[in-house]
Structures are given as structure tokens and as C-alpha cells.
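Worksheet for the structure shown next.
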Amino acid sequence: MKIFATLLIVLSLISCNTKEVVNTNTKADDIQKEKLYLSHVKFTNAIQVYGEPQISNKKKVAEKNLSEEQLAIVDTYFPNKEYKSKKVFFLEAQWKRPTSTELTVWYLFIENEWKPIEVRTNA
């Protein structure tokens, strides 16, 4: 009887640990799916799905207006700093997700639309 009880306890502990791993993988998968989705949709579509962002900042692209991180992202998109001769705008939007994650998306105003250029998470 002691062996049966011990075996039952061990099996129930193993099953609890397995469920926890599955939930962690599901959370990571959900975050990856959201990042992939947001990296391909315009700002207006993101608002339709996720609602208004908790944080939203729009700025004209200029070295004095952007942080080093934001400038690095823009420089990736404009390696020859073409934004200096054009009127280019930059938008940073942040959504808090039920997965206890913050998703930050950086957009550039291109062809009369806010198009995503970078998506990052803060877990």
C-alpha cells in the first residue's frame, strides 16, 4: 500500500510539473504570435485588434527628437539618413497584454500610413 501511495504522489507531482511547462510554452507562443502579427499590420489595424495603446508618442524624425534606441531603429530603416531631407514621422506605441507582457511597436509614417518597423517585448 505504501508503494502505491508513493507512486500516486510521484505521478501527480509529475503531472503538475508538465502542465506548468505547457502553460509557459503557450505564453511564449502567444507572445511570439502577437509580435509576428504586429510586425505586419498598420497602426490602425493594431488599434482595431488591441484597442488604443497605453502609451503613444509621435515625433518628427530628427536626431534631437529621438532617443538613441529610437534613432538606431530609424537608422536601420534609413541607413543613409534620408530622413534629414524628408518629412518623416516616428510613432512609438505600447500595449499591455494579458500575458503580463508589454508590446512596443515602432512605426514610420510612409505613404500616408503608419507602418511597423520594429516590435519588442518587455516581460
Task: Steps toward salt bridge (charged side-chain N to carboxylate O under 4.0 Å, His left out) verdict (Glu34, Arg97) - done: CA-CA 10 Å; Glu34 287 183 330; Arg97 303 302 304 136; 2.8 Å; yes
TODO: Indicate, with yes or no, if Ile31 and Val119 share a hydrophobic cluster defined by side-chain heavy-atom contacts under 4.5 Å among Ile, Leu, Val, Met, Phe, Trp and Tyr.
DONE: no
Open item on the list: Are Ile47 and Val41 connected into the same hydrophobic cluster when the rule is that any two of I, L, V, M, F, W, Y join if their side-chain heavy atoms are below 4.5 Å apart?
Closed with: yes
How far does [atom1] of [X] sit from [atom2] of [Y], to the nearest 0.5 angstrom?
X      : Y      : atom1 : atom2 : answer
Phe90  : Leu71  : CZ    : CG    : 8.5 Å
Lys115 : Ile110 : NZ    : CD1   : 6.0 Å
Ile55  : Thr104 : CD1   : OG1   : 7.5 Å
Lys35  : Thr101 : NZ    : OG1   : 10.5 Å
Lys58  : Phe43  : NZ    : CZ    : 10.5 Å
Thr121 : Leu103 : OG1   : CG    : 6.5 Å

4.5 Å side-chain heavy-atom contact, [X] and [Y]:
X      : Y      : result
Val49  : Tyr37  : yes
Lys59  : Lys64  : no
Trp106 : Gln70  : yes
Phe78  : Leu108 : yes
Leu91  : Ser56  : yes

Task: Lys NZ or Arg CZ of Lys42 over Tyr107 ring: under 6.0 Å, within 45° - done: no
- [ ] Over all heavy atoms of both residues, which pair between Ser39 and Pro116 is shortest? Give the atoms and the distance, please.
- [x] O-CG, 3.4 Å
Open item on the list: Restricting to non-hydrogen atoms, name the atom on Gln54 and the atom on Lys96 that form the minimum distance, rounded to 0.1 Å.
Closed with: OE1-N, 2.8 Å
TODO: Could you check Val74 against Tyr83 for side chain to side chain contact (heavy atoms under 4.5 Å, CB included), going step by step and ending with a plain yes or no?
DONE: CA-CA 9 Å; Val74 172; Tyr83 60 83; 3.7 Å; yes
Open item on the list: Closer than 4.0 angstrom, basic N to acidic O: yes or no for Glu63 and Lys84?
Closed with: yes
Open item on the list: Could you go through Ile73 and Arg120, starting from their C-alpha distance and side-chain angles, then the distance that decides it, and tell me whether this counts as side chain to side chain contact (heavy atoms under 4.5 Å, CB included)?
Closed with: CA-CA 11 Å; Ile73 293 166; Arg120 296 192 184 164; 3.9 Å; yes
Task: Over 12 non-hydrogen atoms of neighbours within 6.0 angstrom of OH in Tyr77 - done: no
TODO: Could you tell me whether a side-chain N or O of Ser85 sits under 3.5 Å from a main-chain N or O of Glu82, the two making a donor and an acceptor?
DONE: yes
Task: Asn57 backbone acceptor or donor facing Glu92 side chain under 3.5 Å - done: no
